Amino acid sequence: METRNTTAGTVNPTELIEWFDATARPLPWRAPDVTGWGVLVSETMLQQTPVARVQPIWEEWMARWPRPSDLAAASQAEVLRAWGKLGYPRRALRLHQAAATIAADHGDVVPADVDTLLALPGIGAYTARAVAAFAYGRRAPVVDTNVRRVVARAVHGAGDAGPPSTNRDLADVDALLPTADAEAARMSAALMELGQVVCTVRSPVCDRCPIAHDCAWQHAGRPAYAGPPKKVQKFAGTDRQVRGKLLDVLRGTEGPVTREQLDAVWSDAGQRDRCLDSLLVDGLLEQTDDGRFALPGEH
DNA sequence: TATCCGTGGCA
DNA sequence: TTGCCAAGGAT
């Protein structure tokens with residue numbers, strides 16, 4: 001028998017996990033035969049990037065580079081082209097570096113230990129715990145934007161999460177997880193799924209929420225978000241847009257391009273040059289001996 | 001801690 | 001049309 005908790009601000013792991021077992025989307029990286037490498041690639045691609053855009057690219061990468069050593073053997077240019085327009089291409093370079101370290105130092109197997117994962121480039125507090133939990137069934141508080149929102153509502157009764165604070169957020173979620181590894185890992189996946197498909201930012205579907213009866217936000221009458229205003233980053237006209245346009249020229253051509261070809265994508269010469277320099281500094285571009293520009297490692 | 005780093009869909 | 005924002009990380 002199970003007791004039905006009716007205290008606002010608590011989360012019953014069993015209810016959440018049963019809901020997840022019954023409704024989870026069959027995302028390809030959730031298949032039982034997916035390796036730690038497959039999970040790491042998916043989590044890296046999913047950083048700030050919607051599922052629908054990641055899915056086809058992830059399939060291509062798994063077919064082309066099924067092990068870390070396979071990716072490590074590719075050139076940076078190949079990796080950046082295969083990354084396509086997922087955005088934040090530095091993620092691709094860091095994943096490439098991480099793959100090389102995993103191949104060289106970890107027997108070509110993605111580590112399961114959070115601290116070991118954190119030492120790899122491009123793997124931060126979220127990704128390290130996501131890999132430990134989803135790939136290896138470990139108990140690790142997985143905190144992403146969805147989980148933060150679920151906790152803000154269900155536990156704290158707020159309309160949305162305030163500014164992130166890694167240690168506090170980790171402690172909040174850690175307090176919710178059951179002791180056992182497998183159950184805790186399942187609950188972490190369930191919390192994320194709940195935030196993505198039910199407890200959404202704009203129009204949460206509380207009618208379909210498995211824990212609505214315990215939700216502090218429900219009990220408080222679903223008050224509006226009262227925290228500090230969220231900061232929205234501009235994009236049009238920023239260096240991010242210019243860098244994206246410059247890199248897109250290189251992705252779309254075979255070999256090196258001339259400065260004139262790059263000059264064509266943005267009229268502000270000062271900003272253009274600054275962005276070109278920053279791409280070189282970031283290792284996303286290289287300059288050839290004859291002064292042209294190329295993706296790294298392809299000339 | 002605040003800011004920077006791409007891209008595209010959607011209300 | 002445009003602001004919002006989507007499984008963050010590094011500095």
Side-chain angles (χ1 to χ4, degrees), chain A residues 20 24-25 27-30 38-58 80 83-95 97-98 117-135 140-150 160-170 173 185 188-197 199-203 225 228-251 265-266 271 274-275 277-279 281-285:
Chain A
F20 183 66
R25 295 164 295 169
L27 301 174
W29 42 85
R30 287 177 173 169
V39 173
L40 174 57
V41 172
S42 75
E43 294 300 341
T44 302
M45 289 180 170
L46 286 163
Q47 292 166 6
Q48 299 287 285
T49 310
V51 167
R53 210 177 308 165
V54 166
Q55 189 160 335
I57 307 294
W58 183 86
L80 287 170
W83 191 258
K85 306 198 78 170
L86 281 184
Y88 294 138
R90 294 189 295 187
R91 291 182 293 169
L93 291 186
R94 289 173 179 145
L95 184 54
Q97 295 163 6
L117 287 161
L118 283 171
L120 295 169
I123 299 184
Y126 163 77
T127 303
R129 292 172 177 81
V131 169
F134 305 151
V142 177
V143 181
D144 76 331
T145 184
N146 296 295
V147 173
R148 290 187 350 94
R149 182 172 56 255
V150 169
D160 199 352
S165 168
T166 304
N167 289 328
R168 180 170 48 72
D169 296 339
L170 282 172
V173 176
S188 291
L191 283 168
M192 286 183 62
E193 184 86 347
L194 188 71
Q196 286 158 14
V197 307
C199 194
T200 58
V201 181
R202 294 196 190 80
S203 28
Y225 172 68
K230 312 261 181 182
K231 301 193 176 181
V232 181
Q233 290 188 338
K234 298 294 182 192
F235 179 68
T238 65
D239 286 2
R240 279 195 348 281
Q241 183 181 23
V242 178
R243 285 164 54 106
K245 283 180 176 293
L246 291 170
L247 211 52
D248 199 41
V249 173
L250 273 298
R251 276 194 301 259
V265 304
W266 198 255
Q271 186 178 23
R274 180 174 72 241
C275 289
D277 284 343
S278 72
L279 287 170
V281 168
D282 289 348
L284 287 162
L285 283 187

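What you see is a predicted model, and the numbers here were worked out from it, not measured in a lab.
Leu80(A) has its CG atom 11 Å from the P atom of dT7(B), to the nearest Å. Atom NZ in Lys245(A) sits about 9 Å away from atom P in dT7(B), given to the nearest Å. The CG-C1' distance, from Leu118(A) to dG9(C), rounds to 11 Å in whole Å. Between Lys234(A) atom NZ and dT2(C) atom C1' the separation is 9 Å, expressed in whole Å. In this structure, Asp239(A) places its CG atom 16 Å from P of dT3(B), rounding to the nearest Å. Residue Tyr225(A) contributes atom OH, which lies 10 Å from atom P of dC5(C) at whole-angstrom precision. Atom CG of Leu46(A) is separated from atom C1' of dG9(C) by 15 Å (rounded to the nearest Å). Across the protein-nucleic acid pair, Phe134(A) atom CZ and dG8(C) atom C1' stand 14 Å apart, rounded to whole Å.
Using a 4.0 Å heavy-atom criterion, one finds that Thr127(A) contacts the sugar-phosphate atoms exclusively. Counting non-hydrogen atoms under 4.0 angstrom, Pro164(A) reaches nothing in the nucleic acid. Val54(A) comes within 4.0 angstrom of nothing in the nucleic acid, heavy atoms only. Using a 4.0 Å heavy-atom criterion, one finds that Gly124(A) contacts the sugar-phosphate atoms exclusively. At the heavy-atom level, Ala236(A) lies nowhere under 4.0 Å from the strands shown. Across all strands, Asp282(A) comes closer than 4.0 Å to no nucleic acid atom at all (heavy-atom distances). Ser278(A) comes within contact range of no nucleotide atom at all, as no heavy-atom separation falls under 4.0 Å. Note on Arg25(A): a base of the nucleic acid sits closer than 4.0 angstrom, heavy atoms only. Note on Leu86(A): a base of the nucleic acid sits closer than 4.0 angstrom, heavy atoms only. Within 4.0 Å of Trp29(A), counting heavy atoms only, lies at least one base atom of the nucleic acid. Using a 4.0 Å heavy-atom cutoff across all strands shown, Gln241(A) reaches no nucleic acid atom at all. Pro89(A) comes within contact range of the sugar-phosphate backbone alone, with a heavy-atom separation under 4.0 Å but no base atom that close. Nucleic acid contact for Leu279(A): none, since no nucleic acid atom lies under 4.0 Å from a heavy atom of the residue.
Side-chain proximity of Arg251(A) to the nucleotides dA7(C), dA6(C), dT7(B) is greatest for dT7(B). Listed nucleotides: dC5(C), dG6(B), dA7(C). Nearest to the side chain of Val201(A): dC5(C).
With hydrogens and angles ignored, no donor-acceptor pair closer than 3.5 Å exists between the side chain of Gln196(A) and the base of dA6(C). Side-chain atoms of Tyr126(A) and base atoms of dG8(C) include no donor and acceptor less than 3.5 Å apart. For Thr49(A) and dG6(B), a side-chain-to-base donor-acceptor distance below 3.5 Å is present, hydrogens and geometry of angles not being considered. Side-chain to base pairing of Gln233(A) with dC5(B): one donor and one acceptor N or O lie within less than 3.5 Å of each other.
At the phosphate of dG8(C), neither OP1 nor OP2 sits under 4.0 Å from any side-chain N or O atom of Gln47(A). Of the side-chain N and O atoms in Lys230(A), none sit less than 4.0 angstrom from OP1 or OP2 of dC4(C). Between Lys231(A) and dA2(B) there is no side-chain N or O to OP1 or OP2 distance below 4.0 Å. Using a 4.0 Å cut-off, some side-chain N or O of Arg243(A) falls inside it from OP1 or OP2 of dG6(B). In terms of phosphate contacts, Arg202(A) brings no side-chain nitrogen or oxygen within less than 4.0 Å of OP1 or OP2 of dA6(C).
Distance check on atom P: dT11(C) versus dG6(B) gives 14 Å, rounded to whole Å. A distance of about 23 Å separates the P atoms of dC4(B) and dA7(C), rounded to the whole Å.
Contact between Pro89(A) and Leu80(A) at its shortest, heavy atoms only, is O-CD2, 3.8 Å. Taking each heavy atom of Ala24(A) and Arg30(A) in turn, the nearest pair found is CB-NH1, 3.9 Å. Looking at every heavy atom in both residues, Arg129(A) comes nearest to Pro141(A) through CD-O, 2.9 Å. Nearest heavy-atom pair across Arg91(A) and Thr44(A) is NH1-O, 3.1 Å.
For the pairing with Met45(A), the side chain to side chain contact (heavy atoms under 4.5 Å, CB included) check across Trp29(A), Tyr88(A), Trp83(A) returns one residue only, Trp83(A).
Of the residues near DNA chain C, Arg94(A) and Glu43(A), the one whose nearest nucleotide (by heavy atom distance) lies more toward the 5' end is Glu43(A). Projected onto DNA chain C by closest heavy-atom contact, Arg53(A) and Ile123(A) fall at different nucleotides, the more 5' of which corresponds to Arg53(A).
Comment: Asp248(A) engages Arg251(A) in a salt bridge, judged by a side-chain N to carboxylate O separation of less than 4.0 angstrom.
Inspection of the Gln47(A) and Tyr126(A) side chains reveals no N or O donor paired with an N or O acceptor under 3.5 Å. A side-chain donor-acceptor contact under 3.5 Å links Gln196(A) and Arg25(A).
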